[in-house]
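Order of listing sets the numbers, starting from 1, for every ligand and every atom in it. Residue numbers start at 1 and run along the sequence shown. Atoms considered below: every heavy atom in the structure, side chains included; atoms not considered: hydrogens, waters and symmetry mates. Quantities reported herein were computed from a predicted structural model and do not represent experimental measurements.
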Amino acid sequence: MGVGVTLEELDRDPHPVLARLRARTPACWVPEVGGWLVTGYAAATEVLLDALSFTVDDPRFTTARVTGASMLSLDGARHSRHRAAFARAFRPADARAWLGDFIGAEAARLVSAIRPHGQAELRTAFAGPFAAAVMAQALGLTSVGIPPGTVLAWYRDIVAAVAGLPAGELAPAGRATPAAAATVPVASFAELAAAVRAAMASGRAPLLSEAAQPGGLSAGEVTANAAVVLFGGIETTEGMICSAVLDMLSQPGAELGLGLSRAGSAALSPRGRDLDLLPGLIEESLRFEPAAAVVDRYATRDVALGGARIRAGDLVRVSLAGANRDPEIFADPDRFDPRRPEAARHLAFARGPHFCIDAHLARLEAVTALTALVAGLPGLRLDPGHPAEVRGLVFRKPGELRVRWD
Ligand code: HEM
(Lines give C-alpha, C1' and ligand atoms only; values in the text may rest on other atoms or scores of the structure.)
Protein backbone atom coordinates (compact mmCIF):
# COMPACT_ATOMS: atom_id res chain seq x y z
CA MET A 1 0.00 0.00 0.00
CA GLY A 2 1.42 3.39 -0.98
CA VAL A 3 1.52 6.60 1.06
CA GLY A 4 1.40 10.22 -0.06
CA VAL A 5 4.96 11.55 0.10
CA THR A 6 6.60 14.03 -2.25
CA LEU A 7 10.26 14.06 -3.24
CA GLU A 8 10.25 17.81 -2.54
CA GLU A 9 9.29 17.12 1.12
CA LEU A 10 11.96 14.45 1.45
CA ASP A 11 14.55 16.78 -0.04
CA ARG A 12 13.65 19.90 1.92
CA ASP A 13 12.56 18.72 5.37
CA PRO A 14 12.27 14.92 5.57
CA HIS A 15 12.00 14.56 9.33
CA PRO A 16 8.23 15.17 9.81
CA VAL A 17 7.48 12.87 6.84
CA LEU A 18 9.79 10.16 8.14
CA ALA A 19 8.19 10.39 11.59
CA ARG A 20 4.74 10.02 10.01
CA LEU A 21 5.84 6.97 8.02
CA ARG A 22 7.58 5.37 11.01
CA ALA A 23 4.52 5.83 13.21
CA ARG A 24 2.53 3.90 10.61
CA THR A 25 5.01 1.10 9.94
CA PRO A 26 8.83 0.84 10.08
CA ALA A 27 9.10 -0.25 6.42
CA CYS A 28 6.73 1.39 3.98
CA TRP A 29 6.33 1.05 0.18
CA VAL A 30 6.85 4.57 -1.18
CA PRO A 31 6.31 4.69 -4.97
CA GLU A 32 7.92 8.15 -5.15
CA VAL A 33 11.30 6.67 -4.12
CA GLY A 34 10.82 3.54 -6.21
CA GLY A 35 10.88 1.07 -3.35
CA TRP A 36 10.56 0.45 0.36
CA LEU A 37 11.55 3.22 2.73
CA VAL A 38 12.79 1.85 6.06
CA THR A 39 12.42 4.45 8.81
CA GLY A 40 12.44 2.38 12.03
CA TYR A 41 15.73 1.79 13.85
CA ALA A 42 15.24 -1.95 14.46
CA ALA A 43 14.18 -2.63 10.85
CA ALA A 44 17.04 -0.49 9.49
CA THR A 45 19.55 -2.41 11.60
CA GLU A 46 18.06 -5.72 10.47
CA VAL A 47 18.52 -4.79 6.80
CA LEU A 48 22.07 -3.50 7.27
CA LEU A 49 23.19 -6.58 9.20
CA ASP A 50 21.68 -9.13 6.80
CA ALA A 51 23.69 -8.89 3.58
CA LEU A 52 22.43 -12.31 2.48
CA SER A 53 18.83 -11.06 2.21
CA PHE A 54 19.59 -7.40 1.43
CA THR A 55 22.55 -6.93 -0.90
CA VAL A 56 24.36 -4.01 -2.56
CA ASP A 57 25.52 -6.35 -5.32
CA ASP A 58 22.99 -5.52 -8.04
CA PRO A 59 23.44 -4.03 -11.53
CA ARG A 60 21.03 -1.22 -10.65
CA PHE A 61 23.73 0.14 -8.31
CA THR A 62 25.19 2.64 -10.77
CA THR A 63 28.48 3.58 -9.06
CA ALA A 64 30.03 0.23 -9.99
CA ARG A 65 29.19 0.85 -13.64
CA VAL A 66 31.69 3.74 -13.68
CA THR A 67 34.34 2.54 -11.21
CA GLY A 68 34.11 -1.26 -11.59
CA ALA A 69 33.38 -3.57 -8.65
CA SER A 70 34.56 -2.32 -5.26
CA MET A 71 33.86 -2.93 -1.58
CA LEU A 72 30.86 -0.60 -1.90
CA SER A 73 29.18 -2.76 -4.55
CA LEU A 74 30.08 -6.27 -3.38
CA ASP A 75 28.90 -8.58 -0.61
CA GLY A 76 30.09 -11.82 0.94
CA ALA A 77 33.62 -13.14 0.42
CA ARG A 78 34.38 -10.76 -2.47
CA HIS A 79 33.43 -7.79 -0.30
CA SER A 80 35.64 -9.00 2.55
CA ARG A 81 38.59 -9.39 0.18
CA HIS A 82 38.29 -5.82 -1.19
CA ARG A 83 37.59 -4.25 2.20
CA ALA A 84 40.36 -6.08 4.05
CA ALA A 85 42.97 -4.73 1.63
CA PHE A 86 42.06 -1.14 2.60
CA ALA A 87 41.05 -1.78 6.22
CA ARG A 88 44.64 -2.67 7.10
CA ALA A 89 45.80 0.84 6.25
CA PHE A 90 42.74 2.55 7.74
CA ARG A 91 43.17 1.14 11.26
CA PRO A 92 42.21 3.95 13.70
CA ALA A 93 45.59 4.26 15.44
CA ASP A 94 47.51 4.10 12.15
CA ALA A 95 45.30 6.66 10.46
CA ARG A 96 45.73 9.13 13.32
CA ALA A 97 49.50 8.68 13.46
CA TRP A 98 49.82 8.88 9.71
CA LEU A 99 47.35 11.68 8.87
CA GLY A 100 46.75 13.54 12.18
CA ASP A 101 49.47 16.17 11.64
CA PHE A 102 48.48 16.76 8.04
CA ILE A 103 44.82 17.19 8.99
CA GLY A 104 45.67 19.72 11.71
CA ALA A 105 48.00 21.70 9.44
CA GLU A 106 45.53 21.75 6.54
CA ALA A 107 42.64 22.95 8.74
CA ALA A 108 44.85 25.72 10.18
CA ARG A 109 46.06 26.71 6.69
CA LEU A 110 42.53 27.03 5.30
CA VAL A 111 41.37 29.04 8.35
CA SER A 112 44.37 31.40 8.04
CA ALA A 113 43.54 31.96 4.37
CA ILE A 114 39.99 33.18 5.13
CA ARG A 115 40.64 34.93 8.48
CA PRO A 116 41.43 38.41 7.01
CA HIS A 117 38.08 38.54 5.15
CA GLY A 118 35.83 38.54 8.25
CA GLN A 119 33.26 36.42 6.40
CA ALA A 120 33.12 33.32 4.19
CA GLU A 121 30.94 30.64 2.66
CA LEU A 122 32.37 27.71 4.58
CA ARG A 123 31.32 24.83 2.31
CA THR A 124 33.37 25.96 -0.67
CA ALA A 125 36.04 27.94 1.21
CA PHE A 126 36.73 25.37 3.89
CA ALA A 127 34.85 22.05 4.19
CA GLY A 128 35.08 20.88 0.54
CA PRO A 129 38.77 21.77 -0.01
CA PHE A 130 39.63 20.34 3.43
CA ALA A 131 37.95 16.99 2.76
CA ALA A 132 39.51 16.77 -0.73
CA ALA A 133 43.01 17.61 0.59
CA VAL A 134 42.80 14.90 3.27
CA MET A 135 41.70 12.29 0.71
CA ALA A 136 44.38 13.33 -1.81
CA GLN A 137 46.95 12.97 0.95
CA ALA A 138 45.55 9.65 2.23
CA LEU A 139 45.62 8.12 -1.25
CA GLY A 140 49.13 9.44 -1.96
CA LEU A 141 47.96 11.54 -4.92
CA THR A 142 49.56 14.68 -3.48
CA SER A 143 52.92 12.90 -3.51
CA VAL A 144 52.75 12.52 -7.31
CA GLY A 145 51.90 16.19 -7.84
CA ILE A 146 48.10 16.02 -8.11
CA PRO A 147 46.67 19.08 -6.33
CA PRO A 148 43.55 18.61 -4.15
CA GLY A 149 41.63 20.95 -6.50
CA THR A 150 42.13 18.47 -9.36
CA VAL A 151 40.98 15.59 -7.15
CA LEU A 152 37.86 17.59 -6.22
CA ALA A 153 37.14 18.34 -9.90
CA TRP A 154 37.55 14.65 -10.90
CA TYR A 155 35.34 13.64 -8.04
CA ARG A 156 32.53 16.05 -9.00
CA ASP A 157 32.76 14.84 -12.62
CA ILE A 158 32.56 11.16 -11.66
CA VAL A 159 29.59 11.83 -9.36
CA ALA A 160 27.83 13.67 -12.21
CA ALA A 161 28.51 10.73 -14.56
CA VAL A 162 27.12 8.22 -12.03
CA ALA A 163 24.07 10.42 -11.38
CA GLY A 164 23.42 10.66 -15.13
CA LEU A 165 23.22 6.88 -15.63
CA PRO A 166 19.81 5.25 -15.88
CA ALA A 167 19.44 2.71 -13.06
CA GLY A 168 19.61 -0.23 -15.49
CA GLU A 169 17.12 -1.86 -17.80
CA LEU A 170 14.77 -3.61 -15.43
CA ALA A 171 13.43 -7.04 -16.16
CA PRO A 172 9.72 -7.56 -15.35
CA ALA A 173 10.38 -9.08 -11.94
CA GLY A 174 12.36 -5.98 -10.99
CA ARG A 175 15.80 -7.54 -11.47
CA ALA A 176 18.26 -5.76 -13.73
CA THR A 177 19.32 -7.41 -16.98
CA PRO A 178 22.98 -8.48 -17.23
CA ALA A 179 23.49 -5.94 -20.05
CA ALA A 180 22.83 -3.13 -17.57
CA ALA A 181 26.04 -4.02 -15.72
CA ALA A 182 28.48 -3.00 -18.51
CA THR A 183 31.00 -0.39 -17.35
CA VAL A 184 30.72 3.11 -18.79
CA PRO A 185 33.92 5.01 -19.73
CA VAL A 186 34.29 8.40 -17.99
CA ALA A 187 37.31 10.62 -18.80
CA SER A 188 37.85 11.85 -15.22
CA PHE A 189 37.81 8.31 -13.90
CA ALA A 190 40.47 7.36 -16.47
CA GLU A 191 42.61 10.30 -15.24
CA LEU A 192 42.09 9.25 -11.63
CA ALA A 193 43.05 5.67 -12.54
CA ALA A 194 46.27 6.92 -14.20
CA ALA A 195 47.10 9.00 -11.09
CA VAL A 196 46.45 6.01 -8.82
CA ARG A 197 48.79 3.83 -10.94
CA ALA A 198 51.47 6.58 -10.85
CA ALA A 199 51.11 6.89 -7.07
CA MET A 200 51.45 3.11 -6.66
CA ALA A 201 54.53 3.01 -8.92
CA SER A 202 56.16 5.92 -7.02
CA GLY A 203 56.25 3.95 -3.77
CA ARG A 204 54.98 7.09 -2.01
CA ALA A 205 51.39 5.93 -1.56
CA PRO A 206 51.48 3.54 1.43
CA LEU A 207 47.73 2.94 1.50
CA LEU A 208 47.58 1.90 -2.16
CA SER A 209 50.78 -0.16 -2.00
CA GLU A 210 49.45 -1.99 1.03
CA ALA A 211 46.18 -2.78 -0.79
CA ALA A 212 48.16 -4.14 -3.78
CA GLN A 213 50.50 -6.36 -1.73
CA PRO A 214 50.93 -9.93 -3.02
CA GLY A 215 47.66 -11.71 -2.25
CA GLY A 216 45.87 -8.34 -2.25
CA LEU A 217 44.02 -6.55 -5.04
CA SER A 218 44.87 -6.05 -8.73
CA ALA A 219 45.71 -2.51 -9.97
CA GLY A 220 42.18 -2.19 -11.41
CA GLU A 221 40.60 -3.27 -8.14
CA VAL A 222 42.79 -0.85 -6.18
CA THR A 223 41.65 1.97 -8.50
CA ALA A 224 37.94 1.13 -8.09
CA ASN A 225 38.29 1.13 -4.31
CA ALA A 226 40.38 4.31 -4.34
CA ALA A 227 37.51 5.96 -6.22
CA VAL A 228 34.92 4.85 -3.66
CA VAL A 229 37.19 6.02 -0.84
CA LEU A 230 37.12 9.41 -2.58
CA PHE A 231 33.33 9.18 -2.89
CA GLY A 232 33.04 8.32 0.78
CA GLY A 233 35.63 10.80 1.94
CA ILE A 234 34.63 14.00 0.13
CA GLU A 235 30.86 14.49 -0.17
CA THR A 236 29.89 13.08 3.21
CA THR A 237 32.78 14.67 5.09
CA GLU A 238 31.97 18.06 3.57
CA GLY A 239 28.33 17.60 4.63
CA MET A 240 29.23 16.34 8.10
CA ILE A 241 31.47 19.36 8.81
CA CYS A 242 28.98 21.92 7.42
CA SER A 243 26.06 20.45 9.37
CA ALA A 244 28.11 20.27 12.58
CA VAL A 245 29.18 23.92 12.22
CA LEU A 246 25.58 24.91 11.51
CA ASP A 247 24.36 23.02 14.60
CA MET A 248 27.17 24.46 16.71
CA LEU A 249 26.15 27.99 15.73
CA SER A 250 22.39 27.63 15.73
CA GLN A 251 21.10 24.90 18.04
CA PRO A 252 20.05 26.08 21.50
CA GLY A 253 22.69 24.94 23.98
CA ALA A 254 25.23 23.85 21.37
CA GLU A 255 27.36 26.96 21.78
CA LEU A 256 27.63 26.39 25.56
CA GLY A 257 31.18 26.77 26.70
CA LEU A 258 32.53 27.22 23.19
CA GLY A 259 32.69 30.99 23.38
CA LEU A 260 30.40 31.29 20.39
CA SER A 261 27.39 33.41 19.66
CA ARG A 262 24.25 32.55 17.77
CA ALA A 263 23.13 34.47 14.69
CA GLY A 264 22.04 37.97 15.56
CA SER A 265 23.38 38.02 19.13
CA ALA A 266 26.58 39.70 20.21
CA ALA A 267 29.73 37.58 20.01
CA LEU A 268 30.77 36.10 23.32
CA SER A 269 34.34 36.21 24.48
CA PRO A 270 36.44 33.37 23.04
CA ARG A 271 37.89 32.89 26.52
CA GLY A 272 36.74 29.96 28.59
CA ARG A 273 36.06 27.69 25.61
CA ASP A 274 35.44 24.08 26.44
CA LEU A 275 36.50 22.22 23.34
CA ASP A 276 35.82 18.93 25.14
CA LEU A 277 32.19 19.51 24.18
CA LEU A 278 32.99 19.11 20.51
CA PRO A 279 33.01 15.29 20.18
CA GLY A 280 29.54 15.07 21.81
CA LEU A 281 28.26 17.88 19.64
CA ILE A 282 29.58 16.20 16.49
CA GLU A 283 28.06 12.85 17.44
CA GLU A 284 24.69 14.51 18.04
CA SER A 285 24.97 16.35 14.74
CA LEU A 286 25.67 13.03 12.95
CA ARG A 287 22.50 11.65 14.54
CA PHE A 288 20.42 14.74 13.86
CA GLU A 289 21.31 15.26 10.19
CA PRO A 290 23.42 12.39 8.81
CA ALA A 291 25.30 13.47 5.66
CA ALA A 292 24.37 10.18 3.95
CA ALA A 293 20.67 10.11 4.72
CA VAL A 294 19.77 6.98 2.74
CA VAL A 295 21.59 3.77 1.73
CA ASP A 296 20.19 1.29 -0.77
CA ARG A 297 19.90 -2.48 -0.73
CA TYR A 298 18.21 -5.01 -3.04
CA ALA A 299 16.23 -7.92 -1.62
CA THR A 300 17.64 -11.27 -2.74
CA ARG A 301 14.56 -13.24 -1.64
CA ASP A 302 11.02 -12.76 -0.38
CA VAL A 303 11.39 -11.61 3.22
CA ALA A 304 9.27 -10.15 6.03
CA LEU A 305 10.50 -6.90 7.57
CA GLY A 306 8.68 -5.04 10.35
CA GLY A 307 5.33 -6.37 9.15
CA ALA A 308 6.05 -5.65 5.47
CA ARG A 309 6.30 -8.41 2.84
CA ILE A 310 9.29 -7.58 0.70
CA ARG A 311 9.68 -9.41 -2.62
CA ALA A 312 12.90 -10.67 -4.19
CA GLY A 313 14.34 -7.90 -6.38
CA ASP A 314 12.65 -5.02 -4.51
CA LEU A 315 14.70 -1.90 -3.81
CA VAL A 316 14.97 -1.35 -0.06
CA ARG A 317 16.03 2.18 0.89
CA VAL A 318 17.24 2.48 4.47
CA SER A 319 16.62 5.96 5.85
CA LEU A 320 19.50 6.51 8.26
CA ALA A 321 17.98 9.93 8.98
CA GLY A 322 14.71 8.23 9.93
CA ALA A 323 16.34 5.56 12.10
CA ASN A 324 18.35 8.27 13.88
CA ARG A 325 15.16 9.88 15.13
CA ASP A 326 13.32 6.74 16.19
CA PRO A 327 11.84 7.55 19.63
CA GLU A 328 12.25 3.88 20.62
CA ILE A 329 16.00 4.56 20.82
CA PHE A 330 16.43 8.33 21.10
CA ALA A 331 14.34 10.13 23.73
CA ASP A 332 12.71 13.32 22.42
CA PRO A 333 14.44 12.70 19.07
CA ASP A 334 13.79 16.10 17.45
CA ARG A 335 15.65 17.89 20.24
CA PHE A 336 19.34 18.60 19.60
CA ASP A 337 21.29 17.71 22.74
CA PRO A 338 25.10 17.79 22.55
CA ARG A 339 25.23 15.83 25.82
CA ARG A 340 22.76 13.11 24.76
CA PRO A 341 24.02 9.87 26.34
CA GLU A 342 22.71 7.57 23.58
CA ALA A 343 23.84 9.74 20.62
CA ALA A 344 26.58 7.30 19.59
CA ARG A 345 23.96 4.66 18.75
CA HIS A 346 23.16 6.64 15.59
CA LEU A 347 23.43 4.94 12.20
CA ALA A 348 25.11 7.84 10.33
CA PHE A 349 28.01 5.52 9.42
CA ALA A 350 25.61 2.59 8.80
CA ARG A 351 26.16 -0.78 10.47
CA GLY A 352 27.16 -4.32 9.50
CA PRO A 353 29.59 -5.34 6.77
CA HIS A 354 29.48 -1.94 5.00
CA PHE A 355 29.95 0.14 8.18
CA CYS A 356 31.94 3.19 7.07
CA ILE A 357 35.53 2.02 6.79
CA ASP A 358 36.80 5.43 7.90
CA ALA A 359 34.37 6.60 10.57
CA HIS A 360 37.26 7.27 12.95
CA LEU A 361 39.10 9.39 10.38
CA ALA A 362 35.88 11.29 9.62
CA ARG A 363 35.42 12.02 13.34
CA LEU A 364 39.04 13.17 13.60
CA GLU A 365 38.52 15.48 10.64
CA ALA A 366 35.34 16.93 12.17
CA VAL A 367 36.89 17.63 15.58
CA THR A 368 40.00 19.11 13.98
CA ALA A 369 37.97 21.29 11.58
CA LEU A 370 35.63 22.66 14.26
CA THR A 371 38.51 23.27 16.66
CA ALA A 372 40.43 25.22 14.00
CA LEU A 373 37.35 27.30 13.12
CA VAL A 374 36.47 28.11 16.76
CA ALA A 375 40.06 28.88 17.72
CA GLY A 376 41.00 30.78 14.57
CA LEU A 377 37.86 32.85 13.92
CA PRO A 378 36.91 34.70 17.14
CA GLY A 379 33.23 35.56 17.46
CA LEU A 380 32.32 33.05 14.74
CA ARG A 381 28.59 33.31 13.97
CA LEU A 382 26.09 32.61 11.20
CA ASP A 383 25.50 35.43 8.75
CA PRO A 384 21.90 36.46 9.55
CA GLY A 385 21.49 37.87 6.02
CA HIS A 386 22.05 34.44 4.43
CA PRO A 387 20.27 31.70 6.37
CA ALA A 388 21.64 28.21 5.66
CA GLU A 389 19.25 25.53 4.45
CA VAL A 390 20.06 21.81 4.67
CA ARG A 391 18.79 20.01 1.56
CA GLY A 392 19.15 16.66 -0.19
CA LEU A 393 17.37 13.37 -0.67
CA VAL A 394 20.37 11.06 -0.27
CA PHE A 395 23.27 13.36 0.61
CA ARG A 396 22.17 16.16 2.93
CA LYS A 397 24.07 19.35 3.66
CA PRO A 398 23.70 23.12 3.65
CA GLY A 399 24.34 24.22 0.04
CA GLU A 400 25.76 27.46 1.43
CA LEU A 401 27.02 28.11 4.94
CA ARG A 402 27.72 31.84 5.24
CA VAL A 403 29.44 32.92 8.46
CA ARG A 404 31.07 36.04 9.91
CA TRP A 405 33.62 36.65 12.65
CA ASP A 406 35.18 39.63 14.38
C1 HEM B 1 37.38 10.08 5.90
C2 HEM B 1 36.23 10.14 5.32
C3 HEM B 1 35.49 8.92 4.80
C4 HEM B 1 35.94 7.89 4.01
C5 HEM B 1 37.32 7.73 3.42
C6 HEM B 1 34.83 6.98 3.84
C7 HEM B 1 34.88 5.82 3.10
C8 HEM B 1 33.88 4.87 3.04
C9 HEM B 1 33.95 3.63 2.31
C10 HEM B 1 35.13 3.20 1.45
C11 HEM B 1 32.79 2.97 2.52
C12 HEM B 1 32.40 1.62 1.93
C13 HEM B 1 32.64 0.52 2.94
C14 HEM B 1 32.13 -0.80 2.47
O15 HEM B 1 31.27 -0.83 1.58
O16 HEM B 1 32.58 -1.83 3.00
C17 HEM B 1 31.97 3.78 3.38
C18 HEM B 1 30.71 3.43 3.80
C19 HEM B 1 29.88 4.35 4.38
N20 HEM B 1 30.19 5.62 4.82
FE21 HEM B 1 31.99 6.49 4.79
N22 HEM B 1 33.73 7.48 4.50
C23 HEM B 1 34.09 8.66 5.08
C24 HEM B 1 33.28 9.50 5.80
C25 HEM B 1 31.94 9.30 5.98
C26 HEM B 1 31.03 10.24 6.58
C27 HEM B 1 31.42 11.60 7.10
C28 HEM B 1 29.79 9.67 6.57
C29 HEM B 1 28.48 10.20 7.06
C30 HEM B 1 28.33 11.13 7.95
C31 HEM B 1 29.93 8.36 5.96
C32 HEM B 1 28.90 7.46 5.82
C33 HEM B 1 29.05 6.20 5.29
C34 HEM B 1 27.94 5.25 5.19
C35 HEM B 1 26.51 5.49 5.61
C36 HEM B 1 28.47 4.09 4.62
C37 HEM B 1 27.73 2.78 4.33
C38 HEM B 1 27.23 2.71 2.89
C39 HEM B 1 26.32 1.53 2.74
O40 HEM B 1 26.08 0.79 3.69
O41 HEM B 1 25.81 1.34 1.63
N42 HEM B 1 31.24 8.18 5.62
N43 HEM B 1 32.65 4.95 3.69
- line: Looking only at protein heavy atoms, what sits closest to atom 38 (C) of ligand 1 is Val295 CG1, 3.8 Å
- request: Starting from atom 15 (O) of ligand 1, find the nearest protein heavy-atom neighbour and note its residue, name and distance.
  value: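 It is His354 ND1, 2.6 Å.
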Side chain [X], main chain [Y], donor-acceptor under 3.5 Å:
| X | Y | result |
| --- | --- | --- |
| Ser250 | Leu246 | yes |
| Arg83 | His79 | no |
| Glu342 | Ala331 | yes |

- request: Report yes or no: is the cationic atom of Arg60 (NZ for Lys, CZ for Arg) under 6.0 Å from the centre of the six-membered ring of Tyr298, at an angle within 45° of the ring normal?
  value: no
message: For the CD atom on Glu389, are there more than 12 heavy atoms of other groups (residues, nucleotides or ligands in this structure) within a distance under 6.0 Å?
response: yes
message: Could you check whether atom CZ of Arg391 has more than 12 heavy atoms from other residues, nucleotides or ligands sitting under 6.0 Å from it?
response: yes
- request: Check Arg297 against ligand 1 and report side chain, backbone, both or neither, counting heavy atoms closer than 4.0 Å.
  value: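 Contact part for Arg297 vs ligand 1: side chain (C-beta onward).
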- prompt: Which protein N, O or S atoms lie under 2.8 Å from atom 21 (Fe) of ligand 1?
  reply: Cys356 SG
message: Would Asn324 and His346 count as a side chain to side chain donor-acceptor pair (under 3.5 Å) here? Give the steps.
response: CA-CA 5 Å; Asn324 281 359; His346 68 72; 4.7 Å; no
Which of the atoms in ligand 1, numbered in the order shown and given with their element, are less than 4.0 Å from a heavy-atom of [X]?
| X | result |
| --- | --- |
| Ala348 | 29 (C), 32 (C), 35 (C) |
| Leu72 | 12 (C), 15 (O) |
| Leu320 | 35 (C) |
| His79 | 14 (C), 15 (O), 16 (O) |
| Leu286 | 30 (C) |
| Pro353 | 16 (O) |

query: Short N/O distance, under 3.5 Å, between Glu365 and ligand 1?
result: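 It does not: no N or O of Glu365 is found under 3.5 Å from an N or O of ligand 1.
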- request: Report yes if Leu347 has an N/O atom closer than 3.5 Å to an N/O atom of ligand 1; otherwise report no.
  value: no
Exercise answer: donor-acceptor pairs, residues 356-365 side-chain atoms, under 3.5 Å, sequence neighbours excluded:
unit_1: Asp358; atom_1: OD1; unit_2: His360; atom_2: NE2; d: 3.4
unit_1: His360; atom_1: NE2; unit_2: Phe90; atom_2: O; d: 2.6
unit_1: Arg363; atom_1: NE; unit_2: Glu283; atom_2: OE1; d: 3.1
unit_1: Arg363; atom_1: NE; unit_2: Glu283; atom_2: OE2; d: 3.1
unit_1: Arg363; atom_1: NH2; unit_2: Glu283; atom_2: OE2; d: 2.6

field: Contacts of type salt bridge (charged side-chain N to carboxylate O under 4.0 Å, His left out), residue Arg287, not counting sequence neighbours
entry: Glu284
Results of salt bridge (charged side-chain N to carboxylate O under 4.0 Å, His left out) for Asp337 - residues two or more places apart only: Arg335
Stepwise salt bridge (charged side-chain N to carboxylate O under 4.0 Å, His left out) test for Glu289 and Lys397: CA-CA 8 Å; Glu289 200 64 274; Lys397 68 176 125 188; over 6 Å; no
task: From atom 13 (C) of ligand 1, work out which of Met135, Arg363, Arg83 has a heavy atom at the shortest distance.
output: Arg83
field: Distance-only side-chain donor-acceptor flag, Ser53 / Arg301, under 3.5 Å
entry: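 Side chains of Ser53 and Arg301: pair found under 3.5 Å.
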